Student: 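The structure that follows is given in the form of structure tokens.
If you're wondering where the values come from, they're calculated on a predicted model, not measured in any experiment.
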Amino acid sequence: MMKFKNMFSPIQIGPMTVKNRFVVPPMGNNFANSDGTWSDESVAYYGERAKGQFGLITIEATVVHKGAKGGPKKPCLYDDNSIESLKKITDACHEEGAKVSIQLQNAGPEGNAKNAGAPIQAATAIASADGRDIPEEVSTEKVYELVKGYGEAAERAMKGGADAVEIHMAHGYLVNSFMSPRTNKRVDEFGGNFENRMRFSRLIIEEVKKKTEGKIAVLARINSTEDMFGGLDNHDMCAVASYLEDCGIDGLHVSRAVHLKDEYMWAPTGIHGGFSAELVANIKKCVSIPVITVGRYTEPQFAEQIIKMGNADLVAFGRQSLADPHTPQKAMEERLEDLTPCIACLQGCVANMYAGKPICCLVNPVLGHEKEGLPKAEKAKKVYVIGGGVAGMCAAFTAKRRGHDVTLFEATDKLGGNMRLAAYPPGKGDITGMIRSYIVKCEKAGVNIKMNTKVTAQMLKEDTPDAVILATGAETLVLPFIKGIENPDIVYGVDCLEGTRPVGHKVLVVGGGMVGAETADFLAEQGHEVVIVEMRDAIGPDVIHEHRIFLMEAFEKYGIKQITSAAVSEIFSDGVSYKNAADKSDETIYEARGFDTVVLSMGFSSRYTHRDGQNVVYDFAEELKDIVPEVHMVGDAVRARRALDATKEAYEVALNL
């Protein structure tokens, strides 16, 4: 009997039959061309998810009105120019048995006047956030014109082979700005009571249905709640869902929040799949049409329960479909150990989407390169990879899959490097899944793994590999100009996380970047009394916004004290002395003393390097260049940075061996 039988049962949405309940939701990816057409990369990207057996694939938010383009690489359907490129996507997906829905969007107050080349518009002239353009209030006459734009775009989507369209009515965009009393202060027929605020939505649905003549399914993307005081809450959205069903909508795709609360739009690592499930279940009770639930779904187990309980009809695996486009296929074949899990780091997807760059993925560096495939090596080489962190493992299994003879060396008894320790702080446990998936990939590819082995130049002289990839990673940053920093009483953050050195009750953490802040959180959760000292004027300024919200909540909950703008000058066994980093004229030496343990967590620096003036000298790499024909360096071995950079570099090097 199939393990996930509910997830693999077909479902009817309007005139469309979807083969299973796995959905790719619409996600901005910046793969489109600047003229609003879809690129060959877009075709390969969506086609790969269809090959992975997703039943319904939703194409990213597509602009329906000229002058409403929110980013330079947004696809557009306000003229016929894009139909041909859309057809390539739908053909590629249909070939694999997937159905295609296309999201129709006007970003409204969340748009960008510079990118759009026109003023942005909304129900009322209220800026969506500090620093954003103030939108123009749409005139009553213009509202009726905008309605027509949705109908025309839907007709073009149908000509491009789409099986469905999804009208975007969530996240504070144009339609949502009319629906919500928080953003709609109009006094014409589109403002005031519920019926009036919903009028724009109803007219759009009627126009889209008229233009598509019942030939394709018409869905709506709505919030389960706006998560804002005075905004639409879950009870309001139950009424909205029921109203939209009465308007003739064929299905609902239920997301959550406006951008001011985007930690609930794309939840960070510590928030797991189903965090909005109960809100969606309430909406499902109010309608008889199919409901898609979305929100940090990574593995299929809970998704199966949701369908089984009747709390939703389909489950959208958003960032998981970026991390592993073959998630449904692996679930179907019960190869779940082969799954590459999304760790919700937000480094390559959300950050790049906002920056207008093509999205990429820390755990899946193939994302955005589907078109290239994995070409076989012209000549099989003997490749040594030194270092078993994520960069080393990624390089190893990629090179092996290309046909090289690959040996991976790890100096310790565990693979994963510093990324393995990144899983220890609260809310970061899912990172372990990534490490394990990389180990499985190495093993299944046939990489020869040698543990507890420190590679020397002499060894390489004797073994004569054709290429060496140095992925030796980084070690705790120790700044020699800080007096007392070599004191053996000082505990390094990595040793504290891994439990190799004990820590007393009262702890001072030196370093308030991401590493130090998460170490402080780790200790405070265990009941330690923690103080953190940082040179900058804030704790965790390098932490991604959505993660930082929950990190700072933990600081407040556990009463972690903060000393900021503090340039540490000396470290003692029980504390530090420091100067005022914000005011150089202040010569006072301040002290924070009386701690049981001082934990050093100021970040990392690459191993086997030294500075020669302004230049960094890569000692081991320089030594090897006379011995091995090809020497490559990847990840933190080059410079301590994000894991996203490490896997990206590792993949590129392995691709070019």
Side-chain angles (χ1 to χ4, degrees), residues 418 421-422 424-428 474-545 547-605 640:
N418 285 330
L421 298 177
Y424 280 61
K428 292 298 187 79
E475 58 196 357
T476 297
L477 176 65
V478 178
L479 298 171
F481 56 80
I482 297 177
K483 200 175 166 189
I485 202 162
E486 304 283 1
N487 183 336
D489 291 344
I490 296 168
V491 175
Y492 288 177
V494 290
D495 296 323
C496 154
L497 291 172
E498 202 161 19
T500 53
R501 285 192 65 185
V503 172
H505 175 64
K506 286 185 73 175
V507 184
L508 178 68
V509 176
V510 181
M514 181 176 77
V515 179
E518 290 188 346
T519 302
D521 185 17
F522 173 80
L523 292 167
E525 185 188 65
Q526 293 174 356
H528 292 273
E529 197 179 309
V530 183
V531 176
I532 188 165
V533 59
E534 164 60 29
M535 190 166 82
R536 289 168 290 188
D537 62 359
I539 299 296
D542 55 339
V543 180
I544 283 175
H545 165 72
H547 288 281
R548 191 172 186 275
I549 286 168
F550 294 102
L551 183 62
M552 290 299 104
E553 276 181 12
F555 266 57
E556 197 170 325
K557 177 180 169 185
Y558 298 125
I560 300 171
K561 294 190 176 70
Q562 305 172 33
I563 304 170
T564 54
S565 300
V568 172
S569 49
E570 186 169 359
I571 304 181
F572 310 100
S573 295
D574 73 334
V576 297
S577 65
Y578 60 93
K579 284 186 172 180
N580 184 344
D583 182 3
K584 294 288 191 291
S585 67
D586 182 358
E587 292 293 324
T588 314
I589 304 288
Y590 299 91
E591 285 195 343
R593 304 287 291 266
F595 295 93
D596 301 319
T597 309
V598 176
V599 172
L600 182 65
S601 209
M602 296 169 79
F604 294 93
S605 62

Student: Tell me the side-chain hydrogen bond (donor to acceptor under 3.5 Å, both in side chains) pairs involving residues 560-574, sequence neighbours left out?
Tutor: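 Checked against side-chain hydrogen bond (donor to acceptor under 3.5 Å, both in side chains) - neighbours excluded - the pairs reaching residues 560-574 are N487-S573, D489-S573, S569-S577, D574-R593.
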Student: Hey, what do you get for CG (N418) to CD (E475), rounding to the nearest 0.5 Å?
Tutor: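 Atom-to-atom, N418:CG and E475:CD are 9.5 Å apart.
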Student: So, S601 side chain and G511 main chain: donor-acceptor pair closer than 3.5 Å or not?
Tutor: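 Flag not set: sc S601 to bb G511 has no pair under 3.5 Å.
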Student: Would you give the length of the straight line joining atom CG of L477 to atom OH of Y492, rounded to the nearest 0.5 angstrom?
Tutor: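 Output value for this atom pair is 9.5 Å.
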Student: Not counting sequence neighbours, which residues clear side-chain contact (heavy atoms from CB on, under 4.5 Å) with E534? List them please.
Tutor: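 Residues passing side-chain contact (heavy atoms from CB on, under 4.5 Å) with E534: R536, I539.
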Student: For A538, which residues count as a side-chain contact (heavy atoms from CB on, under 4.5 Å) partner, sequence neighbours excluded?
Tutor: R548
Student: Test side-chain contact (heavy atoms from CB on, under 4.5 Å) on V533 and L508; report intermediate values, then the result.
Tutor: CA-CA 7 Å; V533 59; L508 178 68; 4.2 Å; yes
Student: Would you compute the distance between atom CG of D586 and atom NZ of K579 and round it to the nearest 0.5 angstrom?
Tutor: 9.0 Å
Student: Which atoms form the tightest heavy-atom contact between T519 and C496, and what is the distance?
Tutor: CG2-SG, 4.0 Å
Student: Let me see the working for Q526 and V503 under side-chain contact (heavy atoms from CB on, under 4.5 Å), right down to the final yes or no.
Tutor: CA-CA 11 Å; Q526 293 174 356; V503 172; over 6 Å; no
Student: Rounded to the nearest 0.5 Å, what's the gap from CD1 on I482 to CD1 on I490? Could you check?
Tutor: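 Answer for the CD1-CD1 pair, I482 versus I490, is 9.0 Å.
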Student: Rounded to the nearest 0.5 Å, what's the gap from CZ on F555 to CD1 on I532? Could you check?
Tutor: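 Reported to 0.5 Å precision, the distance equals 4.5 Å.
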Student: Does R501 offer a backbone N or O that forms a donor-acceptor pair with the side chain of D495 under 3.5 Å?
Tutor: no
Student: Between CZ of F522 and NE2 of H528, what distance do you get to the nearest 0.5 Å?
Tutor: 8.0 Å
Student: Side-chain contact test, heavy atoms from C-beta onward, threshold under 4.5 Å: evaluate it for V598 versus F572 and give yes or no.
Tutor: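 No; the side chains remain at least 4.5 Å from each other.
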Student: With the side chain counted from C-beta on, respond yes when P426 and D521 share a heavy-atom pair under 4.5 Å apart, and no when they do not.
Tutor: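 They are in contact (side-chain heavy atoms under 4.5 Å apart), so the answer is yes.
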Student: Could you walk me through whether Y558 and V530 pass side-chain contact (heavy atoms from CB on, under 4.5 Å), step by step?
Tutor: CA-CA 9 Å; Y558 298 125; V530 183; over 6 Å; no
Student: Are any side-chain N or O atoms of D537 and backbone N or O atoms of A582, one a donor and one an acceptor, separated by less than 3.5 Å?
Tutor: no
Student: Decide if atom CE of M535 counts as having more than 12 heavy atoms of other residues, nucleotides or ligands within a radius under 6.0 Å.
Tutor: no
Student: Where is the tightest heavy-atom contact between A640 and A474, given as atom of each residue plus distance?
Tutor: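 In terms of heavy atoms, the two residues are closest at CB-CB, 4.2 Å.
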